[in-house]
Structures are given as C-alpha cells and as structure tokens.
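Starting off with a structure, shown below.
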Amino acid sequence: MTDQPRDTEILPPRYDFTTIEARWQAYWLTHKTFRTSSDPTRKKAFVLDMFPYPSGAGLHVGHPEGYTATDIYSRFLRMNGYNVLHPMGWDAFGLPAEQYAIQTGTHPAKTTQVNINTFRRQIQSLGFSYDWDREVDTTDPTYYKWTQWIFLQLFKKGLAYQAEIPVNWCAALGTVLSNEEVIDGKSERGAHPVVRVPMRQWMLKITAYGDDLLNSVETLDWPEGIKAMQRNWIGRSEGAEVDFTVVGDAGTLRVFTTRPDTLFGATYMVIAPEHPLVAKLTTPAQKVAVEAYVEAARHKSERDRQAEVKEKSGVFTGAYATNPLTGKDVPIWIADYVLGGYGTGAIMAVPAHDDRDFAFAQQFGLPIIQVVSKDGTRWQEHPQQALTEYGVAVNSGRFDGLATLDVKKQVTDWLVAEGIGERKVNYKLRDWVFSRQRYWGEPIPVFYPVISAVDGGKMREVGLTASNVADLVEQGSWQIDYTTSHAVPESELPLTLPPTDDFLPTGNAEPPLAKCHDWRFFQQNGRWYARETNTMPQWAGSCWYYLRYIDPHNPDALASPEALKYWLPVDLYVGGAEHAVLHLLYARFWHKVLYDLGVVPTAEPFQRLINQGMILGEDGEKMSKSRGNVINPDDVLKEHGADTFRLYEMFMGPLEQVKPWSTRDIVGSKRFLQRVWNLFEKPYVDDAPDAAILRVQHRLVKKVTEDSHVLRFNTAISAMMIALNELAALPALPRETAEAFVLVLAPYAPHLAEELWAKLGHAPSVGLAPWPTFDEALCVDDTIEIPVQVNGKLRGKLQVKKDTPADELARMALADPAVMKWTEGKEVLKVIPVVGRMVSVVVKG
RNA sequence: GCCGGAGUGGUGAAAUGGUAGACGCGACGGACUCAAAAUCCGUUGGGCUUAACGCCCGUGAGGGUUCAAGUCCCUCCUCCGGCACCA
C-alpha cells in the first residue's frame, strides 16, 4: 500500500472538493460576488427563504433543502439577466435561547450570537449565493426598532389593545401562548400543559382583517393545502343572530346560528358555562347543580374537554325561553360543548339537524323534531342520527316544501323585520394575544402612569428612586394605571432591552422585566411612569423581516418607498409547511396593515409559496434525537462536499415531496461530480461539435432551462447525467459543448462549475455568466422511431425521417411486416397517424 | 368526521392523453488487480416460451370515456399532513 506511490502521470487527479469548495466560497465572500442593489431598469426577482431560528443544535439537513432550491433558482435567474434579491437572516428572539439561559445561566444575547455564528458558518459552507450585506437579526436593536415602530402604528390605528381575557397560560414556559401556539391543549413548543386563566394582555385585532385575509387568499400562487388551512383557520361562517325571550323575565337570550331555517326544530337552548347570564337564568332549585357544573367546567383543561367529544355533559338551568317561530317554550341548558368565546356563547339546539345537539338530546331525553327532509317525506321512526344536509322544509308551517336556502333567507328576513334578529358573520379567528411574560423578546413600547392608590392622583413626589417606586407599587400604596397607555415616541425608538442578568421568570405571571426597576420606572415632568414589562412573541420579528432585507441599513424608515416598490412582492418564498397558519397569517396581517398605511405597495407579501417536503431519517421516520436517526449536515459536507450534498438533496425527488435520506444513494451524486471532473480532464477541441454532440448539448440546455424555471431540479440533474453519459464516451470534448455543460451545472454545483469555468480559461464568476441558449430544431434527431399500435397494443416500430407526413406514416405502418402480422385477414377500420409521435391502427375480426 | 396531498420495479423516482419504469441506488455477471477498494463494460418489472424470434400480465381496487389512460371522469380502499364540539 504505502510502497505504491501514486503515479500522477497516469492517474487523473481526483476531484478534490475540499480545496475547490473552500477556494470559491472564500472568493465569493471577499469579492461580494452576489451583492445586489436596486436597479429600476432591470427586471427583478425576490427569492426568499424562511429564515431560521438559530438553535443550539445547529443546522439540520432539512434546512439546506429549501435553501438549495432557492439558491439554484436564484443563480439560474441571475444568469438569465435578473437582478436577484436573495438574502438570509436570523429569527433570533424566542423561547429556546431563554430556556437555555435559564438552565445554564448564559445570557440569551450571548447564546444567540454563538448560535448565529454557527448557523452562518454552516450555511456559508454550502456555497449559497446570499447577499451577506443584507443579513438581518431580529434581536438587533436597529432591527427591532422597526418592529416596535410597526407596533406603534398598530396601536395608533386601534389595532393593538389591552384586554383582561382568559389566555393560554403555560406554567412550564412561564408565559401565555397564542391560540395558534396551542396544540391539543398543550404548548406547541415542548408539549407542556396549558390552562385558561384570565390575564391582562396586549392583543392585536387581526379579526378586523378577517375578510381581507380570507378574500385575498384567492389571489395567491400557493399550494392548495396551505390556502385551505388559512381559510379554515379564519373560519368565516354566515348566519343570523336570534333573540329568544326568557320566560318570566323581560330579558332575552341571543344566539348565533348558521341554520336559521331550522328554527322550527329548536327544542332547547344551551349556554356556555362562562356565559354572563348563567347566574341570572338559574332557578333556585337548580342553583346547586349549575354552580357545581360551572365550577367543574372551569377546572377542566382543554384536553379534558376534547376527550369527551362523544359524551356530552350539561345541566338544566331551570329557565325557559320562547321559540319566536313556534311560540313554544324550550328549556335552557348549560353545557360546555358550547364555547363561550365564539358567537354569542349561546345556541339554539336543533337536535334533528345537528350532530352535537343530537347527541346531547339523546343523552338527556330532549325532544327531536324534524324540520328538514331530503325528499319531503318525514321520519317514521326515531332517527339514528341528525340530518345535517340541506333539503326541503317540513313541520315548518308556512315554509313547508321550500328548499333550505330559501327558508334560510325568508326566516332571516322575517327575524329582521320583527326586530328579533339580524344577519351575522362570525369567524373562528380570534384576536392575537401579543404579549409574552418573557425577557428575550422585543419590549412593547408603551408606558403607564403610576398613581396613588389612596387619592388616585398622579404622583409628583420628588426625591424618590425607581426602586422606591417599585417598593411602593409592591406594597400596593401606589398603582400602575394600565387603563391609560402611552406610546413611546417614535423618536425614542428603539426601546432596548435592559442588559440585565436577572432574566429568569418570576415564577408567577409577572414578566422578568418587572424586576428591572431602573428600566421600568422613570420620571417625566415630575410624574412617575411604568413601562410595559411584557415582551412581543417570536412571531413579531418574522412578520416583516422580508421588508428589511429590501433596505437593511436604512436609519429613517423600515425600508425606502422606492426600494419597496421595486422589490415587492416576494416572487418566490420557500419554507416548511409547519408555518402554514402561524407565520404566514401573522405576516400577511401586518403586511395588509402596512399596505393600508401606504408603507408597502402591494396587498400581499408573498406572491408564490412552495413548501419543501420534510427529509425523513433513513428509517423513513421523522428525524429526532430520540430515534437516533438524525443526519448532521457537517458530517455529510466533510465526507462528500457541498456540491454533492446540494445535488443529492435536489436529486432525491420533487422539492415538495416528503422523502427519506439515504446514505447509500448519496454516492450516486458524488460519482456524477467525479465523472464530470474526469470529463474535463479530456483534451478540448475547438472544432464545432458534430450533429450528434450538438444534439446532446442542445437537449441538455433545453431540459435544464425548462426544468429550472419550474423548480424541477431532480429531472434537470437527470438530464445532466444523461448528457454526461454520452459525452464521457468521446475521445475529446468540443469547447462549445464543454462550456454549455459548465454553465447549466453552475446553479447546481457552483463550486465545481467555477473551477471548471476557470479551467476553460474564463474569469470568475460563472455565476454571473449568461445562461446558454438552445435551438429546438437541433434537439431532434433526423430519423426518429415511431411506435405502431394495433388495437391499443404496441406491435411495431418504424424508423422514419422526423418530418414524415401523416399519410406516409399510415402507409408505412400498414406495410410493416411486424404490424401486418396483426392486421392480416382482419378489417382495418381506422388508421390514426400522429406526426412525430405514433400510429394507431384499429382492426376488427 | 371535515379539508388538503399521495399510492408506479428490490429501492429514490421518471413519463405535453401517445413505446410505463428515463436517471440514480442496489443486485447480478464481466474487465482491471496477487487481492481488495476505486473505476470501467454489460444485465436487471413479473410471468411464459420452441429462450436468436416472440407472447401474456403489469402504475392501490373496480367501473367509465378514448383509436390510445399512470395521466381524464365516477365509486371505493390505504397512507401522509392539517383541522376538529366554531353552532
């Protein structure tokens, strides 16, 4: 082994990816090869990745998948003359850094910087063509200045408000979570228990944009599934609110229904346990039972409630209300299958035509009256289930025989005319709980007056320190007047986080910032004020980062209007489907607010969206530490190099598809690059390629061009492999063909392409060289093979000139011996020649 | 239950309604080598066969449209993702 020195005269040098990749990565960085600037004279493309949260675990093999796709696309567009904005940044506020800080005592700012550096190094080692001068970091005060600025615009428009509402409190995380962050009654992060408790919170009125967010979903070039999820989450439903008069009491009980046509079948009513009228409606005889039920419902977790979907629970209040259509009195029940937070928190129950009401009525023996029928006939027996589909009205007095849609309209008209109801649209979407009781987030730029608990006057005491004020507030002799919120003046932004070491949660609902007295309390014109100590959720920074990329160093605006006009909207946005609701809905909301303010010129931020499919472990399961099936990108890079890694991830299958990693298969991509290297070790000739080689070349360029346009990178790579297989057989390589090959390879394996481009005698960078062209006519062989089918089965093949006309094809097909075997003695009914494609013969007998 | 998406060789996959399985992996056979690795060449959907020629079957199941269906239509099954007491 050791006594056999490598004979460099005979063996071609191996493809040395380590040296090549280091060389070109350094070149691109120092020369800022891919730096971008606005240029209104050029066509633009904004190609965006969902920026990562820089976790301590480092890059995952899932990250490079989307990043490689956008990088190939960006490089492809650049070579095709586009001015491409392709940036990267860090979504660096958030719970994990803070959790880590709590465990280790390391300040989150420090952890975050370390993690960002790791991520940047890893991302750069993949050779992506980002414009690093545009890197953004959501935790940078010059960045979050504008996050706070946007919050102030929301505040001024009345879209940010405080409310004392039941929120999703997660004790383990020490913070509240938005509805979107709670999955199955547990926190999205960490799966910790979540309970509903009332707390003062900052809210964003996303519901004000419900219709807008819903309607413009239609204009987006997004995957159908994501659009459906957005529609679903917004959950618009049209119906009516109806007043029922409570018996023996002048009051009314208002319900929301989407089926006013079934009012005749409303045989009882249900109010939520949280409903404000519970106490008033409950009769003395039922008081004990109702109070016990309400108390039990309050202590049920979300999870408990969901566990009993099949089994309903409830208690009769003792009260009755009058059905306005039938005039009959119906009992009012209280049950937790009616949600306090949706509609009016009360329903009219129509057990015959609603599954939930049916189950409840069955369980408690309440009457079930059919008022809709599929065919006009009535049930002869007790029904087994509710009929929820539309049909025609029965048992509905003057509406009998009318179709459901007509009954809906007429009943609603009647309710409106009588003044006991109105048309109403409801949304599942709730306002966004925007405050978090954590340290590592953007401070909410709001403050409140500190007032005396004794006389309510504003404090003018002199000679006090912030600590004194904190003590007085603690003792309760002074109070913070949360009802009077003042915005921090825009000129004072950013309101920076105090650099405290005491960032641990307080153990109760009070945020860590409350402990920073010198930051929290300040005096102005002799009066004391207290800053808001809640911070913003992680989603805030990611709601608008794509805008900052457009003009990242602008000190006077989040971005200049000219730059925004040039670059918006994002032409391609690639990221994981896990952000289908949260990030994409929030970002769209902020964008629409900014659009209404005239800050951004488009109604939607992300015109086209693609979700890359998850990369699974080799066992076909989701990668996770506990399964031990995690592939570390650093290891792959070290062993195979960045070009191989990129190529393999794209060759695995369609971008959108979920696919398992295969350590075995990746060698195929590496072999390909090695063989490309070997190909360019051949001598070059300057003669024009002959027709056969020219055909290989033009087919290659055509296929890669077309597939790159539509992001079908797997088939583009396959086309390169096919071309390589053909060219590898040649003794020498025509220069023209060699150059075309390097150029189409460049977006996919950029390091190797730069190396070969230099080897061909060109100056860098191949990434900025013009894309090669192809001639459709040169892609087709002069003679082509035409299959002949007889009765749908392949029976023969014709070798013909490519332009052979239809009648000639038909004649040749019928004269072909292989075909004649199947037509002999049979009647030829029809011959269908398709020029350049095939001939189909139909025979009988 | 509802909403999305997908079912093709041993395997990742490919196929404007027009020769199903390109390309890659693996496997098998061969070359090179003392040998191995690497590399190169060949074969590789299943079955039948007089095995050179050739035939039958085959894209989750069943129907339909068409000269022609993996592709379009209907019914069903399975898997994946999301939502789920929202009246």
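This is a predicted model, so every value here is computed, not measured. Letters A, B, ... are given to chains in the order of the sequence lines, protein chains preceding strands, and every chain is numbered from 1.
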Exercise. In this structure, are over 12 heavy atoms from other groups packed under 6.0 Å from Lys802(A) atom NZ?
Worked result: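 Counting other residues, nucleotides and ligands, NZ of Lys802(A) exceeds 12 neighbours.
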For this session: Indicate for each nucleotide in nucleotides 11-22 of chain B, in 5' to 3' sequence, whether protein heavy atoms under 4.0 Å reach the base (B), only the sugar-phosphate (S), or nothing (-).
Result: -BSSSB-BB--B
For this session: Take the angle between the ring planes of Phe364(A) and Phe360(A) and call it parallel below 30°, perpendicular above 60°, tilted in between.
Result: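 Phe364(A) and Phe360(A): tilted rings.
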Exercise. Asp357(A) near the nucleic acid: base, sugar-phosphate alone, or nothing, with a heavy-atom cut-off under 4.0 Å?
Worked result: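 Since no nucleic acid heavy atom lies under 4.0 Å of Asp357(A), the category is nothing.
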Exercise. Salt bridge or not for Glu238(A) and Arg236(A), using N-O below 4.0 Å?
Worked result: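 Answer for the salt bridge query: yes.
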Exercise. Does Arg671(A) place a side-chain N or O at less than 4.0 Å from the phosphate oxygens OP1/OP2 of rC25(B)?
Worked result: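 Yes.
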Problem set entry | Base orientation of rG62(B), syn vs anti, 90° cut from 0 |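 The base of rG62(B) is oriented anti (glycosidic angle more than 90° from 0).
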Problem set entry | Pairing pattern in dot-bracket form [Watson-Crick, G-U; both distances under 3.5 Å; | = partner strand] for RNA chain B | (((((((..(((.....[....)))((((((.......))))))((((.....))))..(((((..]....))))))))))))....
Problem set entry | Which nucleotide in rC3(B), rC85(B), rC67(B) has an atom nearest any side-chain atom of Asp336(A) |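 Taking heavy atoms from C-beta onward, the closest nucleotide is rC85(B).
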Exercise. Less than 4.5 Å apart, any side-chain heavy atom of Met650(A) and any of Thr68(A)?
Worked result: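 With C-beta onward as the side chain, the pair touches.
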Seminar exercise, completed: Scoring nucleotides 43-50 of chain B by protein non-hydrogen atoms under 4.0 Å (B base, S sugar-phosphate only, - none) yields --------
Exercise. Are Arg231(A) and Glu224(A) within salt-bridge range, i.e. N to O under 4.0 Å?
Worked result: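 Here Arg231(A) pairs with Glu224(A) in a salt bridge, since their nearest N and O are under 4.0 Å apart.
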Problem set entry | Residue Met721(A), side-chain atoms from C-beta onward, closest of rG26(B), rC23(B), rG4(B) |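 Among the listed nucleotides, the one closest to the side chain of Met721(A) is rC23(B).
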